[in-house]
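To start, the structure itself, in structure tokens.
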Amino acid sequence: MKTMTDCFVMNNGNKIPCLGYGTWQTPDGQTAINGVRTAIEMGYRHIDTAAVYGNEESVGEGIAQGLASAGIKREELFVTSKVWNTMRGYDTTLRAFDKTMADLKLDYLDLYLIHWPAAANRFEDWDKINLETWRAMTELYKAGRIRAIGLSNFKEHHMRSLLQTEVRPMIDQIEFHPGMMQTDVVEACRRNDIVVEAWSPLGNGKVLSDPMLAKIAEKYGRSVAQICLRWVLQHDVLPLSKSVTPSRIEENKKIFDFELCAEDMAAIDAMAPAGSGLDPDNIDF
Ligand code: A2P
């Protein structure tokens, strides 16, 4: 990947820009509108949101403003959203999708994801629930209302049945950052031609104060955030960079003009576990 508009190719042939702008924890209203508009003006062409973030209307407004001020067409932007856990199932997913589209004020979506798998800790028929959600997504995909469909926070055992269906998942968006690599999930995705996206590539800001990362950052003359985002990319994983701060939105896109050497990649790979603790087999939401 040489620029932020270079793309990963999904298993349906569609392209997805290799750096996304994330909106989790972005306050609804002017902050979200300004963040998304600024990102588009600065050249980001991939926006990631979700119904549960509670900011889709503002993200939609930011997209409208950003397209206008950057002078680009809707087709030049890649937009992702996700169906929330309370809306799993066939009819409910169709309804959730309509609400998301009305809030975003878009007439198609580039990517729609199942936000978290239904899992055995809460549902005896968890696999069937995921299959029903997937059936609705497949229908929307075949109708052309969504250009690609996929998963988020799915481990291999959650996705097994879905891989046997007519339309296979194209994406799995997982927590991935220094201290949280989920190698088994990434390998399962590789085997099944699923592109992996990284949420919280900065460990939700927590790894930014790591002394070893600071040393590596100094060596390259970069910020720790840039080192983390670059490390994600060099693992062929797609980082979703979240910031509402214009200077950081600008900083976080400057990750294409340097390369981490194998030794530094390995040192970051070996960092102590620093995950959020959110495990799809244990969540209670
Ligand atoms: P803010 O949005 O206030 O600018 P993650 O993507 O891993 O969840 O991390 C998001 C957090 O990291 C947010 O609190 C965001 O703050 C912060 N952040 C994003 N980019 C940078 C950066 N370049 N330098 C410092 N903090 C950053």
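These values consider heavy atoms only, across backbone and side chains, with no hydrogens, waters or symmetry-generated copies. In listed order, ligands and their atoms are each counted from 1.
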Quiz item: Mind checking what makes side chain to side chain donor-acceptor pair (under 3.5 Å) contact with Lys105, not counting sequence neighbours?
Solution: none

Practice problem: Could you tell me whether Leu202 and ligand 1 have an N or O pair separated by under 3.5 Å? | Solution: yes

Quiz item: Does the side chain of Glu175 pick up a donor-acceptor pair with the side chain of Ser276 at under 3.5 Å?
Solution: yes

Quiz item: Which atoms of ligand 1 sit under 4.0 Å from any heavy atom of Thr245?
Solution: 1 (P), 3 (O), 4 (O)

Quiz prompt | atom 2 (O) of ligand 1 [closest protein heavy-atom partner, distance rounded to 0.1 Å] | solution = Lys242 NZ, 2.8 Å

Quiz item: Heavy atom under 4.0 Å from ligand 1: found in Leu208's side chain, backbone, both, or neither?
Solution: side chain

Quiz item: Is any NZ, NE, NH1 or NH2 atom of the basic residue among Arg135 and Glu132 found under 4.0 Å from an Asp or Glu carboxylate oxygen of the other?
Solution: yes

Exercise. Indicate yes or no: does an N/O atom of Gly203 lie under 3.5 Å from an N/O atom of ligand 1?
Key: yes

Exercise. Mark up the atoms of ligand 1 that fall under 4.0 Å of a heavy atom belonging to Ala225, in ascending order.
Key: 22 (C), 23 (N)

Quiz item: Do any N/O atoms on Ser241 end up under 3.5 angstrom from N/O atoms on ligand 1?
Solution: no

Quiz prompt | Gly22 near ligand 1 by a heavy-atom separation under 4.0 Å | solution = no

Quiz item: Do the side-chain N and O atoms of Gln226 and Arg230 include a donor-acceptor pair separated by under 3.5 angstrom?
Solution: no

Practice problem: Would you mind checking which non-hydrogen protein atom is closest to atom 6 (O) of ligand 1, with the distance to 0.1 Å? | Solution: Pro201 CD, 3.6 Å

Quiz item: Short N/O distance, under 3.5 Å, between Trp24 and ligand 1?
Solution: no

Quiz prompt | Identity and separation of the nearest protein heavy atom to atom 8 (O) of ligand 1 | solution = Ser200 OG, 2.9 Å

Quiz item: Centroid-to-centroid, Phe176 to Trp231, below 6.0 Å?
Solution: yes

Quiz item: Strictly by modelled atom types, are His158 and Asp127 linked by a side-chain donor-acceptor pair under 3.5 Å?
Solution: no

Quiz item: Looking just at side-chain N and O atoms, do Thr23 and Thr49 make a donor-acceptor pair shorter than 3.5 Å?
Solution: yes

Exercise. Please report which non-hydrogen protein atom sits nearest to atom 20 (N) of ligand 1, along with the residue it belongs to and the distance in Å to one decimal place.
Key: Asn252 ND2, 3.0 Å

Quiz item: Can you tell me if Ser223 has a non-hydrogen atom under 4.0 Å from ligand 1?
Solution: no

Quiz item: What do you reckon, does Leu240 have a nitrogen or oxygen under 3.5 Å from a nitrogen or oxygen of ligand 1?
Solution: no

Quiz item: Counting heavy atoms only, which of Gln25, Lys254, His177, Arg248 is nearest atom 1 (P) of ligand 1?
Solution: Arg248

Exercise. Could you list the atoms of ligand 1 found under 4.0 angstrom from a heavy atom of Asn204?
Key: 5 (P), 7 (O), 8 (O), 9 (O)

Exercise. Verify whether one side chain among Thr245 and Ser247 offers a donor that lies under 3.5 Å from an acceptor in the other.
Key: no

Quiz item: Does Asp107 come within less than 4.0 Å of Arg145, counting only side-chain N to carboxylate O?
Solution: no

Self-check item: Atom indices of ligand 1 within 4.0 angstrom of Val244 heavy atoms, with elements
Solution: 1 (P), 2 (O), 3 (O), 4 (O)

Quiz prompt | salt_bridge(Lys155, Asp279) N-O dist < 4.0 Å | solution = yes

Quiz item: Do any pairs count as a side chain to side chain donor-acceptor pair (under 3.5 Å) and have a residue in residues 204-214, sequence neighbours left out, and if so which ones?
Solution: Gln25-Asn204

